Amino acid sequence: MNPEDRKTKQLPKVGIYGLTSCAGDQLTIVNCEDQILDIFGSAEISSFLMAKSDNTEGEIDVAIVEGSVSSKGDLEMLEDIRKRSKVLIALGNCACNGGPQAACVAAEDHKERMKQVYGDVKWSLPDPIDAKPLSAYVKVDMQITGCPIDKWEFLRALGRLVKGDGPIPISYPVCVECKYNENECLLFKNEMCLGPITLAGCNSVCINHNIPCFGCRGAVIEANVAGEAEMLVNMKHPQFPDRKNFDYQDVKNRAMMYGGNTMAELLDKAKVKGAKK
Amino acid sequence: MKEIKVEHLARVEGHGAITVEVDGRKVKDVKFEVLEGPRLFETITLGKTPAENLSVVPRICAICTLSHRYASLRGLEKCLDIKIPEKTHWMRELMLAGEAIESHSLHVYLLALPDLLGYPNAVAMVTKYADSVVQGLTLKKFGNSIMELCSARATHGENPIIGGFGKFPTNEKLYAIADQAKTLIPYAEGVIDILGNMQYPTFFEKETVFACCNPPDNQYGLVSDEIILSDGKKFSCEDYTKITNERVVPHSFAKRSLYKNSPFSVGSLARVNNLGDRLQERAGDAYEKYKNARWKKNPVYNNLAQAIELLYALEQVPVYVEKLVELKDPPIVKPKRQSGKGTGAVEAPRGTLYHSYEVKDGRMAKVDIITPTAQNYEDIEKYLRLAAEYMVSEGRKDDDVRFQLEVIARAYDPCISCSAHLVKLVRK
Amino acid sequence: MIDNSCIAGDRSNPFLPEMMRIVRRFDLTSDVRFFQVRPTEASRALTLYYKPGTFMMVSNPGVGEAPLSISSTPSRPGLIEFCVRNVGHVTNSLFRMKENDEIGIRGPYGNGFPIETLKGRDLIIVMGGLGAAPLRSLLLYALDNRDDFGEIYLLHGAKNPHEMLFRKEFYDMMERDDLHCMLSVDKDDTGKWPAKVGLVTSLFKEIKHIDPKTTHAAICGPPVMYRFVLQELLKLKIPKHQILMNLERRMKCGVGKCGHCVVREVYTCLDGPVFSYWDVLNMKELIY
Amino acid sequence: MRILKLKKKDLKKFLESISSFGELWAPVKKGNRWAFQPTAPDNIDLDAGRTILPLKKFMVPQKFTMFKYNKEGYTPELSNIPSRIVFGAHPCDIAGLNILDKLFTENFPDPYYIERRKKTAIIGLSCLPDEFCFCNETGTDTVEEGFDLFLSETGTDFYLVWIGSSLGDDLMRMAENLFSEDIAFEDIQKFTNWKKERAKKFKVNIDLTGMPSIFELSLNSKIWDKIGERCLACGSCSMVCPTCNCYDVKDTVELRECKGERNRCWDSCTLHEYSLVAGGHNFRANRSDRLRLWYTHKLESFIGAYGKPSCVGCGRCLVTCPVDINAYTLAKTLREEEVFFK
Ligand SMILES: Cc1cc2nc3c(=O)[nH]c(=O)nc-3n(C[C@H](O)[C@H](O)[C@H](O)COP(=O)(O)OP(=O)(O)OC[C@H]3O[C@@H](n4cnc5c(N)ncnc54)[C@H](O)[C@@H]3O)c2cc1C
Ligand code: SF4
Ligand code: SF4
Ligand code: SF4
């Protein structure tokens with residue numbers, strides 16, 4: 001690290017954008033009440049529609065994009081951002097995995113669902129399309145996932161990014177943090193916990209509150225989805241004869257709720273006994 | 001013919017745009033558009049368990065996450081015939097107060113004040129209005145800390161579950177919250193004075209109808225099974241469609257509501273207009289001090305109403321805490337049945353929110369969610385049109401028109417992402 | 001045991017890096033850069049001691065720490081040299097650093113080459129790619145103490161000329177008559193390569209003046225290299241325990257605590273990184 | 001070693017009188033399990049079973065800061081380590097600490113471990129096995145060292161108290177009048193009877209003799225693939241194991257300034273990145289390879305190096321692994337040549 005270097009160098013240009021989402025990840029940034037001035041001081045935030053009006057849309061160093069691509073408009077915006085940014089970061093579950101709006105991808109045809117919800121309408125707006133994560137369309141350099149993102153993970157990542165280093169991605173499942181927090185494992189209390197296949201980073205907040213993990217951070221690298229499903233649906237644990245099994249469809253529903261496209265693929269590959277095709 | 005366009009409405013949640021078609025000095029059309037892709041939440045949970053539904057529906061909107069959760073819980077618990085214990089009830093009230101504090105302070109200090117004081121954003125205000133910015137951030141953080149305490153995290157916390165809470169906070173933590181609430185009351189009073197003494201433009205004023213929940217026992221509040229309108233009519237929340245009957249317009253993924261064929265408003269201003277007389281203590285005083293007939297016709301007063309509610313919520317926190325610390329943590333109530341129907345209504349910061357469900361054999365069979373912004377849509381467009389027509393006829397500059405329209409739209413605090421998820425009843 | 005002043009860092013806290021200054025840096029290839037560093041107090045530089053084949057943990061504050069082999073020789077005290085390939089966070093951040101910037105260093109760690117045992121022996125040093133980093137230390141050490149060793153063969157292979165580390169330095173060594181310096185490239189796309197073209201294994205036929213019983217071989221290179229080079233060395237009848245290899249594992253501490261480099265009961269950082277082929281055969285998981 | 005008597009009814013008084021040494025931590029019920037938590041002497045569960053996390057959390061916390069750094073360099077964070085009394089440590093857990101002692105205090109002693117070990121008074125307490133304990137098989141059902149005081153049940157109204165260290169002696173002297181030295185013959189008898197009764201209560205039969213050769217022989221066994229398929233790589237087993245000590249190191253940096261922390265946190269060999277090196281080569285890309293490392297390390301390697309397994313028979317992996325992979329099922333599977341995991 002060279003302190004002189006930092007003084008003479010211009011602050012990196014960062015743009016924060018949102019596609020289709022609940023805006024929870026951007027909100028989480030706004031929620032960094034104690035750090036917000038540092039955020040604005042460590043980088044030149046050239047665009048952040050949710051927090052400021054004087055936005056400029058030129059070349060930037062780091063683009064942070066929330067939300068999934070759910071309309072042609074989203075897609076155009078994303079492609080434009082990609083073109084003018086050196087590093088593109090997918091922020092939050094929607095951007096990384098498609099988000100809840102991608103939960104039904106495999107289930108039904110998108111047009112059919114649009115009709116169910118809105119009836120027969122001819123749209124004058126950019127065409128709605130099936131929700132997909134950013135990586136389905138453009139190169140994504142890094143992912144910071146979560147529904148919503150963890151504020152500390154984001155700040156750690158941003159701290160490294162503005163100094164020119166890539167964030168250190170998390171590569172372990174929620175169970176690790178759950179054990180850090182010395183929780184009793186909910187799988188032995190007959191809860192359908194997705195901790196073993198879900199990317200950590202939330203400090204196992206749900207399990208700390210006796211709530212099973214819903215997988216809101218998406219799949220961990222090398223998630224043994226087949227093993228998890230097999231365990232939840234079929235496996236008897238000789239040490240715990242009372243442990244109950246779940247219906248495959250319920251397991252699948254839960255896994256896909258936030259795991260979106262990624263989880264859908266993993267589940268398709270897993271051949272779980274008792275899975276109805 | 002030319003168009004005046006606000007392409008990306010800044011400092012709101014999600015993506016909105018305003019288009020004004022102008023022909024000479026005449027406004028041909030005004031459109032308030034939602035550009036965000038549709039998320040089809042109501043089809044996502046069909047066939048899934050109520051627990052899954054509860055987890056995912058708050059993801060409709062990050063700012064109103066707990067309102068969604070609360071409304072969903074009320075709907076689902078009716079379906080499953082669950083009566084919740086007292087402590088659970090007060091915890092839920094507390095979490096809603098936390099959300100109101102967070103959302104209102106964010107909106108009042110960080111989104112609306114820069115407009116009214118003429119700054120592009122709150123950070124830019126720091127040089128001259130550092131106090132306001134710091135107070136806003138402090139209040140917002142406090143709101144977040146309540147949400148975190150009750151729901152496990154500031155946004156999309158999973159702690160409130162069907163039949164109770166995964167874990168109740170300790171009394172120590174509750175007392176700390178109550179104490180802090182008391183110290184923040186002067187902030188809220190300060191901002192009420194700033195907003196109450198401000199001059200607001202009058203040229204788009206027009207009376208409208210207001211709707212909100214009607215809490216029992218003549219109390220002010222945010223939760224009820226009854227809806228009250230400013231014309232004096234009352235409805236059960238189960239009959240919400242009579243008020244909201246929605247329609248879809250081609251230029252927006254959000255759906256819109258009309259009451260008796262004309263637009264109406266929900267939100268802080270609606271609540272303060274309909275129920276303001278019930279406000280007690282300092283919030284009551286503030287209401288009396290600034291009460292004014294123009295509140296019924298000028299949406300920009302919404303910010304003042306929010307500030308009054310901010311004060312109200314701060315005053316409620318110690319009240320709820322007093323009740324909570326006396327009660328023992330109850331176990332989670334199990335469902336009495338696996339099939340049933342029910343609608344839950346709560347007042348989200350932006351207005352009445354309905355979650356209407358049908359559960360069959362433990363799986364979601366019908367989901368209908370009506371968000372506040374969807375109900376406000378027609379009214380927002382109405383006021384935008386009034387303002388545009390006046391300003392264009394006066395020959396004001398485009399930038400001027402653009403700015404004023406943005407101010408009106410933002411005053412409503414439209415949670416555009418949430419309206420985009422808005423979907424009609426799915427009948428199979 | 002080496003006393004405190006000889007190591008970079010602090011004996012009482014083996015994790016504590018000592019700040020050192022980058023004195024010089026230049027590119028060896030397109031993705032490997034050479035760094036010379038010395039302690040911030042120049043006088044301390046002369047007290048540092050290490051063995052060829054050992055490594056140090058190099059830190060860039062705020063980025064992380066990475067093990068790097070020492071490329072310099074203790075016989076030329078004063079500066080410590082590293083070759084760094086830009087592959088990840090720490091290495092990438094080192095590439096952004098300039099002369100006079102400071103980095104944290106602790107070490108040396110590892111067993112290093114058994115230089116006492118090697119005295120009086122013939123040496124075959126086979127390097128490929130970044131394997132040149134630790135073996136250059138041994139080579140320079142042997143050349144500086146030339147009388148202690150018998151015949152010395154250097155076999156250095158690279159994919160093509162501009163990927164050969166220290167090509168100028170080694171090319172100059174071809175002139176020496178106390179060293180058999182053999183350099184080869186798999187392919188010469190410059191058309192100007194003055195030495196051999198072919199696989200590094202093709203150089204073995206030129207090894208003549210050795211007595212396998214008293215010859216030690218030291219190899220380090222990319223995983224694919226090992227299999228073929230080992231075959232050649234066995235053909236030369238070099239005993240398995242005299243074939244030394246420099247192995248690599250993920251490491252977080254360098255001092256046998258973090259567990260990452262463990263293979264069975266062996267810690268690569270304490271018991272290695274130099275292993276004999278015999279060790280490797282007995283420990284099936286050491287190389288893949 | 002000096003052995004004294006302490007009346008059971010005086011235990012609370014004793015713990016109160018040593019409170020000036022540091023905060024008292026003892027097993028407290030957490031759901032259906034236990035956890036070491038700060039607690040008042042009144043709330044201690046003397047019949048507590050195994051805690052979710054073992055004693056290692058006191059010596060190498062889940063996460064802690066090793067250094068703070070700024071432009072000038074690194075400053076070790078050793079000054080705010082609290083003094084604590086840990087009461088109710090079971091013999092297997094203390095045996096686990098003894099193994100960690102070897103690792104962290106020999107060869108480049110780890111100052112963070114040593115400082116915490118010094119500042120933590122360990123008061124052991126004998127226990128009865130539940131259906132998952134097998135410390136009798138690993139030779140850790142009694143411990144001779146590693147504690148400051150050890151209280152053993154006798155089946156009567158007093159504990160026998162072993163003084164294991166000079167700190168233990170100091171603690172005892174803080175309430176010397178509560179202890180007595182006159183141990184009668186029948187006291188000894190009662191104690192040995194209690195021990196016999198205890199020995200009968202073990203239910204897990206796990207045969208660890210000859211494990212090193214068994215591992216060597218089954219290095220390429222198909223069993224590992226089966227286990228790998230089943231393992232969820234959740235890391236729980238190594239998090240709860242008293243002798244697992246792998247850790248990861250991560251730096252953090254502040255947004256605006258050049259300063260931050262170097263932090264250490266528990267890692268696990270069952271996780272994907274464990275042996276991954278820059279450039280993408282993963283020495284243990286398969287779960288089966290990683291689990292083999294885990295269990296060779298527990299049941300084989302340590303025997304090779306120190307003559308006994310590094311498994312202390314606490315039964316934590318038995319009650320933690322959601323898919324029933326643990327020291328017991330593993331040893332059984334390998335030995336009986338039968339595919340335990342269908
Ligand atoms: C004994 C030894 C000597 C080495 N000598 C050299 C050398 O002289 N020149 C050189 O360029 N490289 C050398 N390496 C490899 C070098 O350590 C890695 O390239 C480096 O750690 C990558 O770190 P990074 O932060 O840039 O990469 P990242 O991918 O960001 O790695 C993150 C962390 O993982 C660990 N890690 C990743 N790859 C390796 C690896 N290959 N070995 C050990 N730990 C790793 C480190 O702790 C590292 O900080 C050596 C490795 C070992 C074990
Ligand atoms: S409760 Fe869930 S996250 Fe925790 S250990 Fe069990 S499976 Fe893993
Ligand atoms: S525990 Fe699971 S559902 Fe809960 S926050 Fe973490 S990843 Fe999301
Ligand atoms: S606890 Fe079981 S499933 Fe989890 S990593 Fe260990 S062996 Fe695998």
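Here the structure is a predicted model, which is why all the values come from computation and not from measurement. Order of the sequence lines fixes the chain letters, A, B, ..., with proteins taken first and strands second; residue numbering starts at 1 for each chain.
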Steps toward side-chain contact (heavy atoms from CB on, under 4.5 Å) verdict (V249(D), M251(C)) = CA-CA 10 Å; V249(D) 178; M251(C) 269 175 209; over 6 Å; no

remark   = Looking only at heavy atoms, the pair that brings R262(D) and G64(C) closest together is NH2-O, 3.5 Å

key: V277(D) versus R250(C), closest heavy-atom pair with distance   = CG1-N, 3.5 Å

Close side-chain approach of S59(C) and Y74(D), heavy atoms under 4.5 Å = yes

note = Of D248(D), L78(D), T252(D), the largest count of non-hydrogen pairs under 4.5 angstrom with chain C goes to D248(D)

ask   = What part of N70(D) lies closer than 4.5 angstrom to a heavy atom of chain C: side chain, backbone, both or neither?
value = neither

key: Side chain proximity check, Y267(C) to N107(D), heavy atoms < 4.5 angstrom   = no

query = Is F283(D) close to R249(C) at the side-chain level, that is, under 4.5 Å between some pair of heavy atoms?
reply = yes

ask   = So with a 6.0 Å cut-off around NZ of K240(C), is the heavy-atom count from everything else above 12?
value = no

ask   = Rounded to the nearest 0.5 Å, how far apart are NE2 of H260(C) and CG of D267(D)?
value = 3.5 Å

message = Less than 4.5 Å to any heavy atom of chain C: does that hold for the side chain of E254(D), its backbone, both, or neither?
response = neither

query = Between M19(C) and E72(D), which heavy-atom pair has the shortest distance, and what is it?
reply = CG-O, 3.7 Å

key: Gap between atom OH of Y274(D) and atom SG of C261(C) - 0.5 Å precision   = 8.0 Å

note = Looking only at heavy atoms, the pair that brings D251(D) and N60(C) closest together is OD2-O, 3.7 Å

ask   = At a heavy-atom separation under 4.5 Å, does E18(C) approach chain D through its side chain, its backbone, both, or neither?
value = neither

inquiry  = Is there a side-chain contact between P111(D) and P14(C) in this structure, where contact means two heavy atoms from C-beta onward sitting under 4.5 Å apart?
reply    = yes

message = Other residues, nucleotides and ligands only: do more than 12 of their heavy atoms fall within 6.0 Å of CD on E229(D)?
response = no

inquiry  = Restricting to non-hydrogen atoms, name the atom on V262(C) and the atom on L293(D) that form the minimum distance, rounded to 0.1 Å.
reply    = O-CD1, 4.0 Å

ask   = Side chain, backbone, both or neither: which part of Y247(D) has a non-hydrogen atom closer than 4.5 Å to chain C?
value = both

key: Y113(D), Y112(D), F104(D) screened by side-chain contact (heavy atoms from CB on, under 4.5 Å) with K257(C), the one that passes   = F104(D)

request  = With rounding to the nearest 0.5 Å, note down the distance linking CG in N13(C) to CZ in F67(D).
outcome  = 4.5 Å

